[in-house]
2 protein chains.
Amino acid sequence: MEYSEKQLAIINTAEKLFSVTGFDGTSVRDIAREAGVNLAMISYYFGSKEKLMEAVFELRTEKIRLKVENLLQDDTLSNLDKVNILIDDYVEKFISQQEFHKIMMREQLIEKNNPIAGFIHELKKRNLQSIKKLIQDGQKTGEFKKNIDIVLMMITMVGTVSQMITSQRFYREVNNLEHLDEQEFRKHIRKKLSTHLKHLFKISLTNEI
Amino acid sequence: MEYSEKQLAIINTAEKLFSVTGFDGTSVRDIAREAGVNLAMISYYFGSKEKLMEAVFELRTEKIRLKVENLLQDDTLSNLDKVNILIDDYVEKFISQQEFHKIMMREQLIEKNNPIAGFIHELKKRNLQSIKKLIQDGQKTGEFKKNIDIVLMMITMVGTVSQMITSQRFYREVNNLEHLDEQEFRKHIRKKLSTHLKHLFKISLTNEI
DNA sequence: AATTTTTAATCAAACGTTTGTTTAATTTTA
DNA sequence: TAAAATTAAACAAACGTTTGATTAAAAATT
């Protein structure tokens, strides 16, 4: 799908407002005002508020698909290297796109079966398959130990990064990092999370410290 | 605060509906209908929808306060034992009160400064102080290594449990656990999470495996 | 090249619902 | 019988969406 400048303005504004005040907490009038377009243009372009949300999702997830497949086939890297690259990649995406990921977190809390929930479910499944393959490769070569609960490890990774985003203000306060600007702070937590998760994964996968 | 049976019905229903459809996604009419009370009773008893939410929070958090202080002073236990007990305690609370915790997760995603956000902030601070004390005790006795990022460990613990709740349907599906009823399944993930987190904490705190 | 027709974009206004809250009357309880 | 609880009805405000008129640009016809 190709979007005009004005359509993109609506999508970007919607993403921002949805992430701050939630889907139900954001009115189409809020979006129209902030995006500088007429109220009717939202229905005109996207059909409905719901469909606008879907447009946000499709736009933000379309670029995520690649990368992993190529990485899996690269035989110049050890499997632990690959795991580390995936962690870096995941943390980077999550932190730099945190507005969108806040929307994701909220949507996952809704239990009813909406198109978005299905979307996220598929995304998770695909990710799990890739990681599973990677871990199993490492187990065959003896790099990784047996009896690894991959799903639980994924939950720890996703959960840790999500929780950092959720409580970043708290983290900032207790670590006296208020002097950093937003960009520096994001860089800081990205580095912290990467190191922390790589360490956790290494000891969980390999028995080594 | 003491509540009548009818008031508790309202609070419990509100908790359930807020957790499933969110605060903005739940109307006071929904709550009244499901709780079997007249619409006006909500304003009559609680003043407003917002205040009803606060009542849910106060009721659900009033019992959490104790426990930790007593545990810290117990000198028949090693510090690692205490950490493990805290993990068990935390996981148990989170899983058995997951409706309420879903509300907590959602509220933390809202950036505006509401009374609830302040409430959660204080709760986190208190928890962190207790854990910090505990870890430092362990470091003095040589049980735990130096240079532990306690906040990051807390984020991993809270994040892992939160993420498990968020994606429990996914976890259930990929592990073929559909045959378990709700109670059995909760018990299952409680056990899984406890073991997993204790393992992560042990290796992160002690250098041992 | 000039004119007409068609399509797309934009807008203010209005639509019918639903929202949270309040009122005023009535019933129940102490 | 005074206070508390309960009710149906009403309130204004906000909601997502649609309408019909207007403008601008593009395409088709003469």
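Residue numbering restarts at 1 for every chain, and letters A, B, ... go by the order of the sequence lines.
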Quiz item: Which residues within residues 27-54 of chain B lie with some heavy atom under 4.0 Å of an atom in DNA chain C?
Solution: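 Heavy-atom cutoff 4.0 Å gives B:S27, B:V28, B:R29, B:L39, B:A40, B:S43, B:S48, B:K49.
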
Sidechain N-carboxylate O distance under 4.0 Å for [X], [Y]:
X	Y	result
B:E122	B:R126	no
B:E92	B:K191	no
B:D149	A:K192	yes
B:R172	B:E178	no

Exercise. Under 4.0 Å between any heavy atoms, over every strand shown, what does A:S4 touch: base, sugar-phosphate, or nothing? Just pick one.
Key: nothing

Quiz item: Under a 4.0 Å heavy-atom cut-off, which of residues 16-23 of chain A touch DNA chain D?
Solution: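 Nothing qualifies; none.
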
Quiz item: Does NZ belonging to A:K198 count more than 12 external heavy atoms closer than 6.0 Å?
Solution: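 Buried by this count: over 12 neighbours within 6.0 Å.
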
Self-check item: Spacing of A:D24 atom CG relative to D:dA14 atom P, expressed in whole Å
Solution: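 Atom CG in A:D24 sits about 17 Å away from atom P in D:dA14.
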
Exercise. Could you check how far CD of A:E5 sits from C1' of C:dA9, rounded to whole Å?
Key: 15 Å

Quiz item: Out of curiosity, B:L80 CG to B:L205 CG, how far, rounded to the nearest 0.5 Å?
Solution: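 If I round to the nearest 0.5 Å, the distance is 7.0 Å.
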
Quiz item: Testing A:M164, A:M157, A:H188 for side chain to side chain contact (heavy atoms under 4.5 Å, CB included) with A:L193, which one passes?
Solution: A:M164

Quiz item: Are the ring centres of A:F100 and A:F57 closer than 6.0 Å?
Solution: yes

